[in-house]
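Before any comments, here is the structure.
Only this structure's heavy atoms are used, side chains among them; waters, hydrogens and symmetry mates stay out. We name chains A, B, ... by the order of the sequence lines, and we start the count at 1 in each one. Predicted model only: the values in this text are computed from it and were never measured.
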Amino acid sequence: MVDVLALGETSGDGLDPITGELVAAARTLGGSVAVALLGDGLAAHGEQAAALGPDSVLLAESPALDGTSIDAYVTAFEQVCRSASPGAVLVGKTPLGQNVGPRTAFRLGAALAQDCTAVRRDGETGEVVASRPVYGGSATAEVAFTGDAPPFIVMRGRVCEPAEPSPSTDANIIRVDVEIAPSDIRARRVESVKQDIQGVRIEDASVIVAGGRGLGGPEPFERLREIADLLGGAVGASRAACDAGWIDHAAQIGLTGKAVAPDLYLTVGISGASQHMAGCSSAKNIVVINKDADANIFQEASYGVVGDWRKVLPAFIETVRELVT
Amino acid sequence: MAVDIIVCVKQVMDPEMPASAFRIDPDAKRAADAPGIPPVINGFDENAVEAALRIKDEVGGTITVLSVGGGHAMDVMKKPLSMGADALVLAQDDAFAELDARATARVLASAVRRIGRFDLILCGRQASDWDNAHVPLGLAEILGLPCLAVAQKIEVIDSSGVIVHSVTQDGYDVIEADMPALVTVSNELGEPRYPTLRGIMAAGRKTPEVWSADDLDIDPDMLEPGVRIVDLYAPESSRQVELVQGEDEADAGRNLAIRLREAGLI
């Protein structure tokens with residue numbers, strides 16, 4: 001019996017950063033914290049998770065947990081949850097977590113809140129309350145949970161300061177037996193195709209130059225590429241620009257594209273629909289070039305120019321070139 | 001080899017409406033209806049309709065569109081029919097207004113069972129109002145179906161198998177499953193087709209099936225929410241924009257670069 005169970009995630013020989021973030025979020029709820037890890041060969045990962053300071057680490061190991069089928073992870077996590085009987089479950093909004101969390105919750109008859117940016121325990125009632133952006137970020141909902149099953153909370157990445165690893169830990173590392181039958185595996189990955197990325201990876205870029213519907217076609221993205229190259233950054237885009245075929249979907253930033261947090265997010269011709277802002281609102285500085293002074297994106301911006309990009313951009317690029325070279 | 005497809009769609013508030021038209025009803029703890037702005041079918045659900053039409057174009061079959069709600073705007077809901085879907089089923093009852101994700105999945109599962117035969121269920125990856133991405137996964141769990149999420153391409157390989165290209169951060173995974181299966185569809189699949197005039201006329205002649213909670217043998221307990229909204233409010237923006245001016249637009253562009261340099265951003 002644990003108070004809060006966090007689904008940790010591995011990345012190669014290490015832990016995915018979401019693991020430390022979930023431990024930190026779990027700590028704010030109070031009580032005992034357990035981290036579950038699902039995989040094959042987790043001894044070293046278990047030590048790393050223990051160093052993050054939970055009360056226990058639950059290791060569920062099976063050859064079926066090799067990353068080829070989400071079904072195996074759902075089956076294993078259901079068994080871990082039944083064995084640990086947690087008071088609440090935290091899962092990351094990651095490719096794995098956003099599938100395993102909801103599906104496991106359904107199997108347990110549990111309620112779930114998606115894409116949460118904060119979680120707390122109500123001072124008076126003691127119930128778990130999660131905050132999440134809805135209507136594409138135009139509103140924030142605070143939700144509580146009903147019923148006897150443990151609430152599942154899917155936490156957005158990079159919203160909590162991660163727990164720091166510490167060499168001194170007294171966390172118990174416990175192996176949990178899980179049984180995954182061949183009939184549990186219903187959908188299976190047979191191939192993984194990686195696209196070639198030119199230049200800086202958009203997720204890692206400290207400068208992103210992004211264009212939207214207002215650019216009107218594919219050619220202006222060449223100008224954005226010039227700025228990105230001058231500043232050592234990457235080119236991004238709104239969903240509208242990607243759907244129009246002006247740039248590859250790999251550049252899509254937003255709720256359903258990539259979530260980015262660069263130091264400088266320079267946008268041209270992006271109105272800032274809230275679904276787009278959900279992908280870039282963690283940027284330290286948003287800079288806007290847009291001809292519509294009422295565009296939503298100005299509300300989130302640090303600096304801006306109200307004007308037609310066709311006139312603003314050439315002089316801007318020229319000046320940037322003089323300043324940085 | 002023809003396939004029978006059910007596409008689940010949701011009627012939502014138009015996410016493209018001006019931000020100034022968005023209002024929260026603090027008592028009901030929901031977004032207030034925006035007067036004069038008609039609802040739309042969730043964008044990803046239109047991508048799912050498009051995916052179904054492409055499969056039907058390729059191998060033949062039928063497409064049944066299914067929606068759950070307290071009420072539906074009929075001209076909006078008929079759009080998939082005018083794009084080329086065959087039938088429309090509305091699970092519609094006052095008891096179905098404002099359902100949470102878990103209850104919605106339960107009602108959809110009852111309606112799917114009543115529809116009966118199908119090879120594929122297609123859903124949009126998430127809805128633009130609450131962006132839960134929860135209902136399709138729950139529907140697959142309730143019905144015991146393989147679940148293939150976030151497809152940019154769907155290929156029916158023979159009478160019993162489906163292959164999906166599932167969007168990842170840096171490319172895509174090729175996922176295989178037996179049918180019947182549930183697939184969620186993303187915008188990377190491509191733009192939904194426009195209704196044709198012939199399609200619009202054909203859709204006008206079709207009458208949707210409308211099923212109530214009683215028709216679906218829905219017990220009120222099944223609709224109990226698991227999630228309770230404690231509060232709903234507009235977040236405050238903490239940023240104050242500094243608008244950079246100039247003698248003309250080009251000058252403003254020059255001044256912006258200089259200002260960003262002064263601020264240490266470039």
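Near-neighbour residues of residues 277-287 of chain A relative to chain B, defined by a heavy atom under 4.5 Å from a heavy atom of that chain, comprise A:S281, A:A283, A:K284, A:N285, A:I286, A:V287. For a heavy-atom cut-off of 4.5 Å, chain A lies close to B:A101, B:R102, B:A105 in residues 98-112 of chain B. Of residues 120-133 of chain B, those residues lying under 4.5 Å from chain A by any heavy-atom pair are B:R125, B:Q126, B:S128, B:D129, B:W130, B:D131, B:N132, B:A133.
Ranking B:R259, B:E191, B:E188, B:Q245 against chain A, the residue ahead of the rest is B:E188, based on heavy-atom pairs under 4.5 Å. Contact tally against chain A (heavy-atom pairs below 4.5 Å) for B:H134, B:M13, B:H165, B:E224: the top residue is B:H134. For the set B:D178, B:D248, B:I229, B:L256, the entry with the most heavy-atom pairs within less than 4.5 Å of chain A is B:L256. Taking B:P15, B:A31, B:A252 one by one and counting their heavy-atom pairs under 4.5 Å with chain A, the maximum is reached by B:A31.
Within the 4.5 angstrom heavy-atom criterion, atoms from both the backbone and the side chain of B:L137 approach chain A. Heavy atoms closer than 4.5 Å to chain B are found in both the backbone and the side chain of A:F316. Contact annotation for B:I258: both backbone and side-chain heavy atoms come within less than 4.5 Å of a heavy atom of chain A. At a 4.5 Å heavy-atom cutoff, A:A293 makes no contact with chain B through either its backbone or its side chain. In this structure, chain A has a heavy atom under 4.5 Å from the side chain of B:F22, while its backbone stays farther away. For A:Q275, the part lying under 4.5 angstrom from a heavy atom of chain B is the side chain only. Interface remark: B:L243 contributes backbone and side-chain atoms alike to the contact with chain A (heavy atom separation under 4.5 Å).
The closest side-chain donor-acceptor pair between B:N187 and B:N47, if any, does not fall under 3.5 angstrom. For the 3.5 Å distance criterion, the side chains of A:Q98 and A:T94 fail to qualify, holding no donor opposite an acceptor.
Contacts of A:T68 classified as side-chain hydrogen bond (donor to acceptor under 3.5 Å, both in side chains), with partners at least two apart in sequence or in another chain: A:D66.
When each of A:I208, A:V288, A:V209 is paired with A:Y265, the side-chain contact (heavy atoms from CB on, under 4.5 Å) condition holds for A:I208 and for no other.
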Problem set entry | Stepwise salt bridge (charged side-chain N to carboxylate O under 4.0 Å, His left out) test for A:R107 and A:E78 | CA-CA 7 Å; A:R107 290 188 186 186; A:E78 181 193 357; 3.7 Å; yes

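In this structure, A:R239 forms a cation-pi arrangement with B:F44, its terminal cationic atom sitting closer than 6.0 Å to the ring centre and no more than 45° off the ring axis.
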